[in-house]
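Everything numeric here is computed off the predicted structure, so don't read it as measured data. Start at 1 and go down the list; that is how both ligands and their atoms are numbered. All heavy atoms count here, side chains included; hydrogens, waters and symmetry mates do not.
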Amino acid sequence: MPELTLHFAPGACSRVTLIALETLEVAFNTELVIFMQGAHKSPKFKQLNPSSKIPVLVADGIPISQNIAILTWLDACYPNAQLLPKSNTPMERAQLLSQLARFPSDLHPLVSRIRVPHFFCDLPGGPERVLSMATQIMREQLEPIEQKLARQPWLAGQQWSVLDAYLHWVWFRITGAGFDATDFPYISAHYSKTLAMPAVKRAIAREYEAETYLESKGLNPTFLNPKQLD
Ligand SMILES: N[C@@H](CCC(=O)N[C@@H](CS)C(=O)NCC(=O)O)C(=O)O
């Protein structure tokens, strides 16, 4: 069993990996990355991930960055846990990875534009425009997911998988930024279901502990709150 350390921050997309690790019930350490101190831009962190982004999972001293790489690696190491459904053919695997990649490639950039639109355009009125365009595209992207969840309990079918952990994080982030959930009752119900899962509760408890620490030190990145835009 490799020694595992997850570099994470509360609320960040590292939650997806955190949920996967909690699902596996393996022993792992966590390392809180303090954005407000620029820890992710330090030379030490850049050796783990030159992109200066979390999550990074260090396994026996070897860093893996990018959620998709971490999740597929964990799935390969612990196949019985079924973090991802089993694929019987290369085409089935390709279809599965295509579904998984949609989250970091298509949805995550929209999450960022909805939460911190001022990082993408600082012209007068720019952030508001970025927010409204990203919200519209996000609604289009979520529509097929909503339709899928009207037909089946989990994204991959009858069984929970890390695809559901990714959707959980996207929904948590955008509704936390005021995204209107009215037209997405199945995704809302899916989110409530994930919140009740023990692995998700444990992941959130770890984040809560980290957030409490950051707050006590005045290091909570409140600038990430889009309500403070004006
Ligand atoms: N494609 C990466 C995205 C990672 C990412 O954007 N992480 C954010 C947190 S949600 C981050 O570390 N941001 C810090 C920064 O960009 O300065 C993945 O899927 O792991």
Undergrad: Can you confirm whether the side chains of Gln147 and Glu143 place a donor and an acceptor under 3.5 Å from each other?
TA: yes
Undergrad: Going by side chain to side chain contact (heavy atoms under 4.5 Å, CB included), name the residues that satisfy it together with Arg129, two or more places apart in sequence or in a different chain.
TA: Ser132, Met133
Undergrad: Looking at Trp154, I'd like to know if the NZ or CZ of Lys193 sits under 6.0 Å from its six-membered ring centre while staying within 45 degrees of the ring's axis.
TA: yes
Undergrad: Enter the distance from Leu83:CG to Cys77:SG here, rounded to the nearest 0.5 Å.
TA: 10.0 Å
Undergrad: Check ligand 1 for N or O atoms under 3.5 Å from a protein N or O and list each pair with its distance.
TA:
from	atom 1	to	atom 2	distance (Å)
ligand 1	1 (N)	Gln66	OE1	2.6
ligand 1	7 (N)	Ile54	O	2.8
ligand 1	12 (O)	Ile54	N	2.9
ligand 1	16 (O)	Lys53	NZ	2.6
ligand 1	17 (O)	His40	NE2	3.3
ligand 1	20 (O)	Asn67	N	2.9

Undergrad: Within the 4.5 Å heavy-atom criterion, are Leu74 and Leu57 side-chain neighbours or not?
TA: yes
Undergrad: Testing the 3.5 Å rule here: is there a donor-acceptor pair between the side chains of His168 and Arg15?
TA: yes
